[in-house]
> 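There's a structure below that I have some questions on.
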Amino acid sequence: MNRRDAFRALMGFAAASPLVAEEGLLGPVNAHEFEEIAKRKLHKLAYDFIAGGVEDELTLRANRAAYERWDLVPRVMTDVSQVDTSSEILGVKVPAPILVAPTGGKNLVLPNAESIVARACANSKTLFCTGSGAERAVEDDSSVNWWSNTIGQPSRQAAQGYARRIEDRGARAITVTVDNQYQSNRDRNNRNRFDYGYMVTGVPRPGENVQPANPARAAMWQPHTPNLTWDYIGWLKSAVNLPVILKGILSPEDAELAVKHGADGIIVSNHGGRQLDGVIATIDALPDVVDAAGGKAPVLMDGGIRRGSDILKALALGAKAVLVGRPPLWGLAAFGQAGVERVLWMLGAELKISMALAGKANLASIDRKLVRRRPWG
Ligand SMILES: Cc1cc2nc3c(=O)[nH]c(=O)nc-3n(C[C@H](O)[C@H](O)[C@H](O)COP(=O)(O)O)c2cc1C
């Protein structure tokens with residue numbers, strides 16, 4: 001561990017320590033306010049990397065704005081003295097249908113952050129969807145239920161080795177990110193000369209000068225998985241005895257193809273507005289995808305979830321569960337592990353009160369009649 005890592009580890013410990021965090025942790029009253037604290041604590045490079053979207057950030061904003069176009073139509077005079085938010089997702093029981101989305105680059109926030117978030121998920125009893133650092137994170141805490149996220153391996157042999165390894169280590173499913181064909185064109189990172197190497201090494205403290213990346217490293221046309229096609233699903237399923245979930249579906253045609261090719265689950269996602277700009281908001285894409293999947297595979301969604309009432313709308317439109325990407329990172333940056341747990345707790349508590357006020361005592365009673373979309377425009 002070098003001096004910078006040691007300092008950052010100490011800061012992480014201090015942030016997570018109840019002695020220091022007690023007062024602060026109870027300060028923010030919603031997920032948005034965790035972001036404000038995180039912004040103050042993070043280096044600009046790191047904040048922009050996490051908060052940002054692609055190009056003009058149309059989709060980043062659309063993900064949030066779209067919730068305002070779906071109105072809840074609550075029911076009354078139902079007994080909501082007990083409200084049960086618990087669910088079971090592909091064989092894993094969770095206290096609420098709120099999962100943690102895979103986010104690369106957590107080391108921009110704290111060293112060993114993947115393990116810290118894994119512990120927070122274990123304490124919160126939620127499912128942790130993790131890509132980078134997964135193996136170390138689950139070694140550190142074997143009690144966490146986790147899904148392993150991949151963008152597909154360079155060779156089938158590598159994919160097979162990977163799939164078997166994560167199965168042995170207890171992953172409950174594999175999620176394959178299908179919207180990551182190329183590194184996208186993110187203006188904030190380009191402007192900051194963001195060096196993707198920081199995702200591994202971490203960034204300096206706020207205010208500290210950084211070496212700008214060689215512009216070539218931030219350039220476009222960096223391939224990730226440009227040759228991933230539908231036959232990958234069947235092949236992966238033959239290599240491993242785990243459910244395969246596709247992350248990044250927006251079109252009903254692709255949902256039909258996913259089911260046809262044997263996907264065990266679908267995540268409606270636009271990568272939090274970080275891949276192609278101008279694509280449909282996820283809450284708007286959700287109902288058509290649910291219809292196209294036709295109940296043959298559970299449909300989950302992510303993108304812009306910041307409130308329990310957002311989750312309720314997604315559930316009403318047919319989502320089995322939602323995932324949150326940035327909110328746990330804001331919790332992490334603000335107060336370490338305790339902050340992640342607090343954000344997850346808050347979203348669960350907000351969902352519960354929203355369900356009660358909508359007259360829904362359990363998830364099974366939530367259906368599309370609970371929401372109405374305002375006319376376009
Ligand atoms: C900092 C960051 C890194 C991410 N890295 C990945 C990744 O490696 N793989 C992936 O499939 N999605 C990744 N995503 C997208 C998230 O999994 C998720 O789809 C998105 O964040 C949901 O939107 P939200 O942040 O508004 O909740 C990342 C998102 C963020 C914010």
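First listed ligand is number 1; within each ligand, the first listed atom is number 1. In this text the structure is predicted, and so the values were computed from the model without any measurement. Only heavy atoms go into these numbers, but all of them, side chains included; no hydrogens, no water, no symmetry mates.
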> Under the rule for side chain to side chain contact (heavy atoms under 4.5 Å, CB included), what residues qualify as partners of A163, not counting sequence neighbours?
I174, L236, V240
> Please produce the table of protein N or O atoms sitting under 3.5 Å from N or O atoms belonging to ligand 1, one pair a line, distance to 0.1 Å.
from, atom 1, to, atom 2, distance (Å)
ligand 1, 5 (N), G104, N, 3.0
ligand 1, 11 (O), T177, OG1, 2.6
ligand 1, 11 (O), K247, NZ, 2.9
ligand 1, 12 (N), P102, O, 3.4
ligand 1, 12 (N), K247, NZ, 3.0
ligand 1, 12 (N), H271, NE2, 3.2
ligand 1, 14 (N), P102, O, 3.3
ligand 1, 17 (O), P102, O, 2.6
ligand 1, 17 (O), K247, NZ, 3.0
ligand 1, 19 (O), K247, NZ, 3.1
ligand 1, 19 (O), S269, OG, 3.3
ligand 1, 19 (O), D302, OD1, 3.3
ligand 1, 19 (O), D302, OD2, 2.7
ligand 1, 25 (O), R326, N, 3.0
ligand 1, 25 (O), R326, NH1, 2.9
ligand 1, 26 (O), G304, N, 2.8
ligand 1, 26 (O), R306, NH1, 3.2
ligand 1, 26 (O), R306, NH2, 2.9
ligand 1, 26 (O), R326, NH1, 3.3
ligand 1, 27 (O), R306, NH1, 3.4
ligand 1, 27 (O), G325, N, 2.9

> Quickly, which of D302, T59, N63 forms a side-chain hydrogen bond (donor to acceptor under 3.5 Å, both in side chains) with N270? Name it, please.
N63
> Looking only at the side chains, is there a donor atom on one of D179 and Q275 sitting less than 3.5 Å from an acceptor on the other?
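Note: D179 and Q275 side chains miss the donor-acceptor criterion.
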> With sequence neighbours excluded, tell me which residues meet ring-ring contact (aromatic ring centres under 6.0 Å, His included) with H43.
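Not a single residue meets the ring-ring contact (aromatic ring centres under 6.0 Å, His included) criterion with H43.
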> Output all residues satisfying side chain to side chain donor-acceptor pair (under 3.5 Å) with D84, sequence neighbours left out; order by chain, then residue number.
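D84 satisfies side chain to side chain donor-acceptor pair (under 3.5 Å) with S86 only.
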> Considering only NZ, NE, NH1 and NH2 on the basic side and carboxylate oxygens on the acidic side, decide whether R61 and D56 come within less than 4.0 Å.
no
